[in-house]
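Beneath this line is the structure, given in structure tokens, with notes to follow.
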Amino acid sequence: MSPASRYTYLGPEGTFTEAALRTLPETATRELVPMVSVPTALDAVRNEEAAAALVPIENSVEGGVTATLDELARGKPLMIYREVLLPIAFALLVRPGTTLDEVKTVTGHPVAQPQVRRWTAEHLPDALWESAASNADGARLVQEGRFDGAFAGEFAASTYGLEPLVTDIHDAENAVTRFVLVGRPARPAAPTGADKTSVVFWLREDHPGALLEVLQEYSSRGVNMMRIESRPTGEGIGRYCFSVDCEGHVQDRRVGDVLMGLKRACREVRFLGSYPRADEVAPSLRPGTTDGEFVAAADWLSRCLDGRA
């Protein structure tokens, strides 16, 4: 298939990322290509070797996926087109015939470890953990005999000739990982009424209240922030950029007003897209923040300038 029909994802085969990607209807007609890391999956999109990439960005237990946050903030700009929410439960995958008392070494993605830490402490207190590039890669390492067990999705067992020794492992009930489908910048899809807008911004200067001043761009317009995370810029200790998701679409007057405020207040702003919320929850708007009220306010100002107020 041509690059226009190709989607990359954090591989290898059998990752939760692949499971999330396969929930998208259009993947039935796409070539799905596993990549060894988040950066390589996104670079394939930047280099026009793929139309889009699905990568994890946030986990309800561990928080943000730093590799994704950093890649979206650096390099050639990319844009988020949609998100996928996937419930997460792990299985302990082992080579056939392995018993629990024979599991002395385990592996999995670093984000997986906090989600199974208490279970591991209770059932495998002496097992040594070593991180893998992904949960499916951990399964591959077990297949090769380098570890006794891997925490991965149960669906990965057949791919690597393993057995799920224990299933439905999770320290936190209802754990969910959020994935984003990322492509090259283009016009955002039309608003659905239940949307999310993502940006990264860099403060112009460091002074008391600098971050508060920027956050007030959101609060003063009644725009709810759904996530904010700081990430080091690499420019020195204490130098950070901020990754933010908020309710609403860039075409909503209140959200567009926020972005213009950020552009005025910040050294740099990177627009990462407006896209449908996976949970389809519409925002609850405060009085004075609807598009109609923004239009009415602009009309009133125009009348003031014309001496008609």
Side-chain angles (χ1 to χ4, degrees), residues 54-60 62-66 68-74 77-86 176-183 185-204 209-233 240-295 297-298:
L54 193 83
V55 291
I57 194 169
E58 181 182 6
N59 178 266
S60 62
E62 184 66 0
V65 179
T66 57
T68 300
L69 296 176
D70 291 346
E71 278 298 307
L72 292 177
R74 301 169 183 167
L78 295 168
M79 200 167 92
I80 299 171
Y81 284 89
R82 63 192 303 174
E83 63 177 9
V84 177
L85 301 178
L86 186 73
V176 173
T177 294
R178 175 179 165 233
F179 301 84
V180 288
L181 185 69
V182 179
R187 182 186 296 273
T192 67
D195 301 291
K196 185 179 292 186
T197 293
S198 299
V199 299
V200 181
F201 63 79
W202 288 255
L203 297 176
R204 190 178 302 280
L211 179 58
L212 175 61
E213 292 170 4
V214 173
L215 299 186
Q216 285 175 335
E217 299 288 347
Y218 289 89
S219 64
S220 65
R221 296 168 176 85
V223 175
N224 183 41
M225 296 176 62
M226 306 179 69
R227 180 187 62 84
I228 178 169
E229 296 189 52
S230 61
R231 292 297 302 154
T233 63
Y240 291 87
C241 62
F242 297 86
S243 176
V244 176
D245 299 330
C246 73
E247 289 182 333
H249 192 282
V250 66
Q251 290 186 28
D252 298 334
R253 293 292 291 267
R254 65 189 184 282
V255 177
D257 235 35
V258 168
L259 298 191
M260 288 190 291
L262 294 180
K263 186 62 177 176
R264 291 193 304 269
C266 297
R267 171 167 62 93
E268 182 182 350
V269 180
R270 177 171 285 198
F271 174 64
L272 296 181
S274 291
Y275 47 93
R277 288 179 57 165
D279 58 13
E280 300 182 343
V281 175
S284 177
L285 301 184
R286 289 168 41 194
T289 64
T290 66
D291 276 12
E293 288 164 314
F294 270 89
V295 171

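Counting begins at 1 with the first residue of the sequence. Worth saying up front: this structure is predicted, and the values here are computed from it rather than measured.
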With a 4.5 Å limit on heavy-atom distance, are the side chains of [X] and [Y] in contact?
X    : Y    : result
V244 : Y218 : yes
M225 : E247 : no
V65  : E58  : no
V200 : V269 : no
D195 : S274 : no
Y275 : L181 : no
V55  : F179 : no
F201 : E268 : no

Donor-acceptor contact below 3.5 Å, side chain [X] vs main chain [Y]:
X    : Y    : answer
T289 : L285 : no
D252 : V255 : no
R178 : G64  : no
R204 : C266 : yes

Considering all heavy atoms, the nearest [X]-[Y] contact:
X    : Y    : answer
V250 : T197 : N-OG1, 3.6 Å
L72  : L272 : O-CD2, 3.7 Å
T233 : C241 : CG2-N, 3.4 Å
R254 : G248 : NH2-CA, 4.0 Å
A282 : G193 : CB-O, 3.4 Å
A190 : H249 : C-NE2, 3.9 Å

> So Y81 and V182, side chain to side chain contact (heavy atoms under 4.5 Å, CB included) or not? Walk me through it.
Replying inline: CA-CA 6 Å; Y81 284 89; V182 179; over 6 Å; no
Salt bridge between [X] and [Y], side-chain N to carboxylate O under 4.0 Å?
X    : Y    : answer
E293 : R253 : no
R231 : E229 : no
E83  : K196 : yes

> Going by atom types only, do S198 and D245 share a side-chain donor-acceptor pair under 3.5 Å?
Replying inline: yes
When rounded to the nearest 0.5 angstrom, what distance separates [atom1] in [X] from [atom2] in [Y]?
X    : Y    : atom1 : atom2 : answer
R286 : R221 : CZ    : CZ    : 11.5 Å
F242 : L215 : CZ    : CG    : 8.0 Å
E71  : I57  : CD    : CD1   : 12.0 Å
L259 : C246 : CG    : SG    : 7.0 Å
I80  : F271 : CD1   : CZ    : 9.5 Å

> With sequence neighbours left out, what residues match E213 under side chain to side chain contact (heavy atoms under 4.5 Å, CB included)?
Replying inline: H207
>> Set out, in order, the CA-CA distance, both residues' side-chain angles and the distance that settles side chain to side chain contact (heavy atoms under 4.5 Å, CB included) for L262 and V199, then state yes or no.
In response: CA-CA 10 Å; L262 294 180; V199 299; 4.1 Å; yes
> Could you go step by step and tell me if R227 and S243 meet the side chain to side chain donor-acceptor pair (under 3.5 Å) rule?
Replying inline: CA-CA 8 Å; R227 180 187 62 84; S243 176; 2.9 Å; yes
